[in-house]
Asker: 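Next up is a structure, given as structure tokens.
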Amino acid sequence: MFPGKSFLLVMLTTHLPVFAESGYPLGLEYAARIGATLGDFRVAEAAADGSGALYLLGYSNTSRYVVKVPPAGDTIQWKLPLQNPSGNHLAVGPDGSVFVSSFLSLPVDHAFVEKIRADGMGIATRLDLGAGLSINALTVDPSGRAWIAGHTQSHALIPTPNALQTTLRNTEFSHGFVVRLNAAGTALEYATYLGGSGADIAFGIAVDTSGSAFVAGWTTSMDFPFSPPLLNAPAVVSNGSGFLARIAPNGSQLMYSVPTGGPDGTLGYGASPVALDSDGNATIFGSTHRLIKRFSPDGKLTYSKTLPSLSDSLAVDSAGNTYVTGISTAANLPMKNVLAPCGTAYLMVFSPAGDLRQSTWIDGASGAFASSTVVVPDPRGAIYVLGAAETSYAGTRTVESPPGPLLLARFSPSPSKPLSLVCAGNAATLQAGAVSPGELVTLFGSGLGPAQASLAKWTSTGSLPIQWADVSVSFGGRPAPLVYVQDSQINAIVPWSTPTGTATDVCVTYKNTQTNCIPVGVVPPSAGLFLAPDGYSAALNEDGSINSADNPSSPGSVVALFGTGFGPITPAQPDGSTIGLPLPSNELPVTAAYWTGGVIGPIPNPLTVTYAGPAPFQVAGVTQINVQGSSGCLYVGQTRANCVPFKVH
């Protein structure tokens, strides 16, 4: 039932490299923690003006503020409390014109747009758009005019003459609308409905230098004004579809209007922020399905890219580069030109063609980062990222004392040297974070070893080497046995003597040159089961063959699962040694269960475990679990490992 040890280690530990060569030179200009003097302050939206000054629209439990931070990021220039506590959209023009949206119940909700004085000392103008209007997006064009996109079931909006759509089809559904104000914010210059006879919502808006408005949203209207009209509209729109429409500068006609996807796995409901480059290419973002799509100035799709993890915010600079922030715990998240060790939040930059230009972790970001993150291009070539900060993070400069709960980081073109060693994580789950003694781990980075991958060979004593292909790894100075080495990935074994309860420095040396070292927490067992690329367990059937969709196990038969990080074994084994006969045993018990629904919650049902211990003839640190069933969760002591299915007839 047990294959050769080299074969199994290759099956369990080899992953396609995901780190790329460096190329896009963004470096960290500064990072600061702000918001201490603003109360329970969270950022709703942010924007930059032509000088690079940053404006934040934030809110606390009882109030809203607009905050201006100068390009140097060394102070809060001004803070303006807003009278209306509701409304979460902000837009800034190149000249520093600042508009915010708000609404009040009078008793019917009224939508307002306010223009803030240039010195931040109050509201310059305030315009009531009418009752029953919901503002979903706000932007400012190069002429300083505010544009609004939203939806309404009300006749309160009065379309302007020669508008694209002057009639509200019905009041049964919400319908999209687009409004343009004059630069003073005192009057409507343009207003139109946008939709069909079903439900339509405009979620995002951007405007180019010619005055063309790009509107992104969602529709269920079979007669939505797509151009040309969809011959297969029922198939595309019946369950809802995203749309992107470009309205001519005179506001009277569509330059294009295209569907952007629906429930078939493209952009989801509630998606559709839209951003432009200087040539009129439009990029939209679907947070539900982790997609970005880019359209040419005439509405043709130029690329569609699925992002590797949960993403939260998108922006596009004038050159057409797309910036995406999000959170992930994956140690093998695609990285390029990395500026910080792996954590919880990342910034990715895609070229106008959709190629990854840079991808880096963001130092100091907390696990709550995505709930409050915004990313803002500076017209001068920099990028701002804001989100929740780790409470222990000091930043590179102090703006407020005590430091606030928000992380403000500014990245700009810089010759900063990227990190070589970036992430360490469980080799089975590929989740970054703490490791445990004896665990098989994977290190990711660049320049870690030879370009040609090399699987370490067993020594004459039956152990894995601590140096292979000019590569060595240490945990707190303790040499680690090596399994696999390559430029972007190393698999190694955490030495059994590594103390738990603290962090240890992990370092890689290649050709006598040491990389940067990264701190990694060391904890008691942090077990994980190895997975196949399809998400099922990397398992063996009872006859020793690989379990797969084409080769499932028989009902009731025993399947062998494999994992690592299951804790110490008795008697203790030397680092990197082969498990032989008689077999040692795991000190902590291993149990398995599958879950079924219950009246008050899921109920665990035990699975039969016929063996759980060190994998025979494999390296010490790999655990084998023989189990009957089709899926389940493993427990090491009281700690749950990951839950994985395998294929059964």
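Just so you know, these numbers use all the heavy atoms, side chains as well, and skip hydrogens, waters and symmetry mates. None of the values given here were measured: they were computed from a predicted structure.
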Asker: Is it the case that the side chains of D223 and S197 hold a donor-acceptor pair, with the cut-off being a distance below 3.5 Å and no angle test?
Answerer: yes

Asker: Do we see a donor-acceptor contact under 3.5 Å between the side chains of Y384 and R410?
Answerer: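 Side-chain D/A pair, Y384 to R410: present.
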
Asker: Under 3.5 Å, is there a donor on one side chain and an acceptor on the other for E29 and S412?
Answerer: yes

Asker: Atom OG of S212 and atom CD1 of I247: how far apart are they, to the nearest 0.5 Å?
Answerer: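 If we round to the nearest 0.5 Å, S212:OG and I247:CD1 are 9.0 Å apart.
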
Asker: Taking atom types as modelled, is there a side-chain donor on R145 or N182 under 3.5 Å from an acceptor on the other?
Answerer: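 Absent: no donor and acceptor within the cut-off.
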
Asker: Could you tell me which residues satisfy salt bridge (Lys or Arg N to Asp or Glu O under 4.0 Å) with E45, sequence neighbours excluded, listed by chain and number?
Answerer: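 Result, salt bridge (Lys or Arg N to Asp or Glu O under 4.0 Å) vs E45: none returned.
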
Asker: Taking atom types as modelled, find out whether D277 and S318 have a side-chain donor-acceptor pair closer than 3.5 angstrom.
Answerer: no

Asker: If you draw a 6.0 Å radius around CG in D119, do more than 12 non-hydrogen atoms from other residues or ligands fall strictly inside?
Answerer: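 Atom CG in D119 is packed in, count exceeds 12.
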
Asker: Mind checking whether F224 and F226 have parallel, tilted or perpendicular rings, split at 30° and 60°?
Answerer: tilted

Asker: Would you call the rings of Y190 and W147 parallel, tilted or perpendicular, where under 30° means parallel and over 60° means perpendicular?
Answerer: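 Aromatic pair Y190/W147 classed tilted.
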
Asker: Between F112 and R126, is there a cation-pi geometry (under 6.0 Å to ring centre, at most 45° from the normal)?
Answerer: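 Yes, a cation-pi geometry holds between R126 and F112.
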
Asker: side-chain contact (heavy atoms from CB on, under 4.5 Å) with A409: which residues, sequence neighbours excluded?
Answerer: L28, A31, F411

Asker: Please report the interatomic distance OG(S278) to CG(D317), rounded to the nearest 0.5 Å.
Answerer: 8.5 Å

Asker: Show the numbers, then the answer: is there a side chain to side chain donor-acceptor pair (under 3.5 Å) between D200 and H151?
Answerer: CA-CA 7 Å; D200 317 287; H151 66 279; over 6 Å; no

Asker: Does the Lys NZ or Arg CZ of R246 fall within the cation-pi geometry relative to F214 - under 6.0 Å from the ring centre and within 45° of the axis?
Answerer: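 The answer is no; the distance or angle limit is not met.
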
Asker: Considering residues at least two apart in sequence or located in another chain, which fulfil the salt bridge (Lys or Arg N to Asp or Glu O under 4.0 Å) criterion with R180?
Answerer: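 R180: salt bridge (Lys or Arg N to Asp or Glu O under 4.0 Å) contacts with E189.
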
Asker: Looking just at side-chain N and O atoms, do Y256 and D298 make a donor-acceptor pair shorter than 3.5 Å?
Answerer: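 No pair is found: no donor N or O on one side chain lies under 3.5 Å from an acceptor on the other.
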
Asker: Could you give the distance from NE2 (H175) to CG (L168), rounded to the nearest 0.5 Å?
Answerer: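 If I round to the nearest 0.5 Å, the distance is 5.0 Å.
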
Asker: Say you draw a straight line from CD1 of I284 to OG1 of T260; how long is it, rounded to the nearest 0.5 Å?
Answerer: 4.0 Å

Asker: So if I apply the side-chain contact (heavy atoms from CB on, under 4.5 Å) rule between V179 and each of V113, L133, L157, which one comes out positive?
Answerer: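 For V179, the side-chain contact (heavy atoms from CB on, under 4.5 Å) check succeeds only for L157.
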
